[in-house]
Amino acid sequence: MRWWDIEPVLALERELFPEDAWSPGMFWSELAHARGPRATRHYVVAQDLDRRIVGYAGLAAAGGLADVQTIAAARDQWGTGLGARLLTDLLQHATAFECDEVLLEVRVDNTRAQKLYERFGFEPIGFRRGYYQPGNIDALVMRLSVQGGGDTAGSGPHRSHGPQGTENHG
């Protein structure tokens, strides 16, 4: 993802997460840490044949630990394997960042995303009560050892948590 992708990503963001879409500043802040020798973030977009952005994903890494910040696929892409391809990309970059574990939060009511993560070997390790606001929805915290692997499968939108520890959606 580059700066010129922010506006189309925001349009998809507002469509998929209308209650708590990220702001332009949140994406700018994340991308500021995604380039150069000291990069701690990785963000990617997926485009269809018409060059329309149909998905995006982001990862933060620090001290051997990676955290999935966001994964989203346009509704017309659900079931195509796009979610799995985006997650695979993030996991490859977690390895490149030399991370041993990857964490994420997912809404407890987002079973579609939970099933994707389970196929990749993520395991539930706890809950964060009332994590997703508004709505006061609990988050399921999941963890994967990077040495683990997984299958490919499609998924709907997922949002773990936002930049700088802000909440987001699943």
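All residue numbers in this chain count up from 1 along the given sequence.
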**Student:** Which class fits the ring pair Phe122 and Tyr117: parallel under 30°, tilted 30 to 60°, perpendicular over 60°?
**Tutor:**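 Correct class here is perpendicular.
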
**Student:** Is the NZ or CZ atom of Arg129 positioned over Tyr131's six-membered ring, under 6.0 angstrom from the centre and within 45° of the axis?
**Tutor:**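 Output no; distance or angle outside limits.
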
**Student:** Is any NZ, NE, NH1 or NH2 atom of the basic residue among Asp109 and Arg107 found under 4.0 Å from an Asp or Glu carboxylate oxygen of the other?
**Tutor:**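 Salt bridge flag = yes for Arg107 with Asp109.
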
**Student:** Does some side-chain heavy atom of Ile125 sit less than 4.5 Å from a side-chain heavy atom of Leu103?
**Tutor:**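 In contact.
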
**Student:** Would you mind reporting whether Glu101 and Val146 have side-chain heavy atoms less than 4.5 Å apart?
**Tutor:**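 No - every pair of side-chain heavy atoms lies 4.5 Å or more apart.
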
**Student:** Show your working on side chain to side chain contact (heavy atoms under 4.5 Å, CB included) between Asp89 and His93 and close with a plain yes or no.
**Tutor:** CA-CA 6 Å; Asp89 181 85; His93 281 83; 3.7 Å; yes

**Student:** Please name the pair of heavy atoms, one in Ala57 and one in Ile71, separated by the smallest distance, quoted to 0.1 Å.
**Tutor:**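 That closest heavy-atom pairing would be CB-CG1, 4.0 Å.
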
**Student:** Answer whether the closest heavy-atom distance between the side chains of Val9 and Met1 falls below 4.5 Å.
**Tutor:**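 Counting from C-beta outward, Val9 and Met1 do come under 4.5 Å.
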
**Student:** Backbone N or O of Ala84 within a donor-acceptor pair of the Thr88 side chain at under 3.5 Å?
**Tutor:**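 Yes; at least one donor-acceptor contact below 3.5 Å.
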
**Student:** For a 4.5 angstrom cut-off between non-hydrogen side-chain atoms, does Ile6 reach Leu31?
**Tutor:**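 The answer is yes; the side chains approach within 4.5 Å.
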
**Student:** Would you say that Arg143 contacts Leu104 through its side chain, given a criterion of any heavy-atom pair below 4.5 Å between the two side chains?
**Tutor:**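 They are not in contact (no side-chain heavy atoms under 4.5 Å apart), so the answer is no.
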
**Student:** Considering only heavy atoms from C-beta outward, does the side chain of Ser145 approach that of Asp100 to under 4.5 Å?
**Tutor:**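 In short, these two side chains do not touch, never coming nearer than 4.5 Å.
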
**Student:** Going by the angle between their ring planes, with limits at 30° and 60°, are Tyr56 and Phe27 parallel, tilted or perpendicular?
**Tutor:**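 Taking Phe27 first and then Tyr56, their aromatic rings stand perpendicular (interplane angle over 60°).
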
**Student:** Only one of Arg14, Glu13, Glu15 forms a side chain to side chain contact (heavy atoms under 4.5 Å, CB included) with Phe17, so which one is it?
**Tutor:**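 So the option named by the test is Glu13.
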
**Student:** Hey, does the side chain of Trp78 reach the backbone of Ala73 with a donor-acceptor pair shorter than 3.5 angstrom?
**Tutor:**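 Here the side-chain-to-backbone pair exists.
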
**Student:** Looking only at non-hydrogen atoms, find the nearest pair between Leu16 and Arg75 and report the distance.
**Tutor:**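 Of all heavy-atom pairs spanning Leu16 and Arg75, the closest is CD2-NH1, 3.9 Å.
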
**Student:** Testing Asp138, Val141, Val108, Ile137 for side chain to side chain contact (heavy atoms under 4.5 Å, CB included) with Arg128, which one passes?
**Tutor:**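 Only one of Asp138, Val141, Val108, Ile137 forms a side chain to side chain contact (heavy atoms under 4.5 Å, CB included) with Arg128, namely Val141.
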
**Student:** At their closest point, which heavy atom of Val102 faces which heavy atom of Ala94, and how far apart are they?
**Tutor:**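 Heavy-atom minimum between the residues: CG2-CB, 3.7 Å.
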
**Student:** Which atom names give the shortest non-hydrogen contact between Leu82 and Ala46, and what distance separates them?
**Tutor:**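 Between these two residues, the closest heavy atoms are CD1-CB, 3.6 Å.
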
**Student:** Please check if the side chain of Arg35 supplies one atom and the backbone of Arg2 the other of a donor-acceptor pair under 3.5 Å.
**Tutor:**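 No, Arg35 side chain to Arg2 backbone: no donor-acceptor pair under 3.5 Å.
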
**Student:** Of the non-hydrogen atoms in Gly130 and Asn136, which two are nearest, and what is the gap between them?
**Tutor:**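 Closest approach of Gly130 to Asn136: CA-OD1, 3.1 Å.
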
**Student:** A side-chain contact here means heavy atoms from C-beta on lying under 4.5 Å apart; do Arg52 and Gln47 qualify?
**Tutor:**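 Heavy-atom side-chain distance check fails, nothing below 4.5 Å.
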
**Student:** With a 4.5 Å heavy-atom cut-off, do Gln69 and Glu105 have their side chains touching?
**Tutor:**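 A side-chain contact under 4.5 Å is absent here.
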
**Student:** Could you tell me the separation between the NE2 atom of His33 and the OH atom of Tyr43, rounded to the nearest 0.5 Å?
**Tutor:**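 That separation rounds to 10.0 Å.
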
**Student:** Does Glu123 CD have over 12 foreign heavy atoms under 6.0 Å away?
**Tutor:**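 Open: at most 12 neighbouring heavy atoms sit under 6.0 Å from CD of Glu123.
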
**Student:** Quick one: closest heavy-atom pair of Leu12 and Gly55, and the distance?
**Tutor:**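 Result for this residue pair: CD2-N, 3.9 Å.
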
**Student:** How many angstroms lie between atom CG of Leu140 and atom OG1 of Thr111, to the nearest 0.5 angstrom?
**Tutor:**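 One finds 11.5 Å between CG of Leu140 and OG1 of Thr111.
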
**Student:** Please report the interatomic distance CG(Leu90) to OG1(Thr70), rounded to the nearest 0.5 Å.
**Tutor:**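 Atom-to-atom, Leu90:CG and Thr70:OG1 are 9.0 Å apart.
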
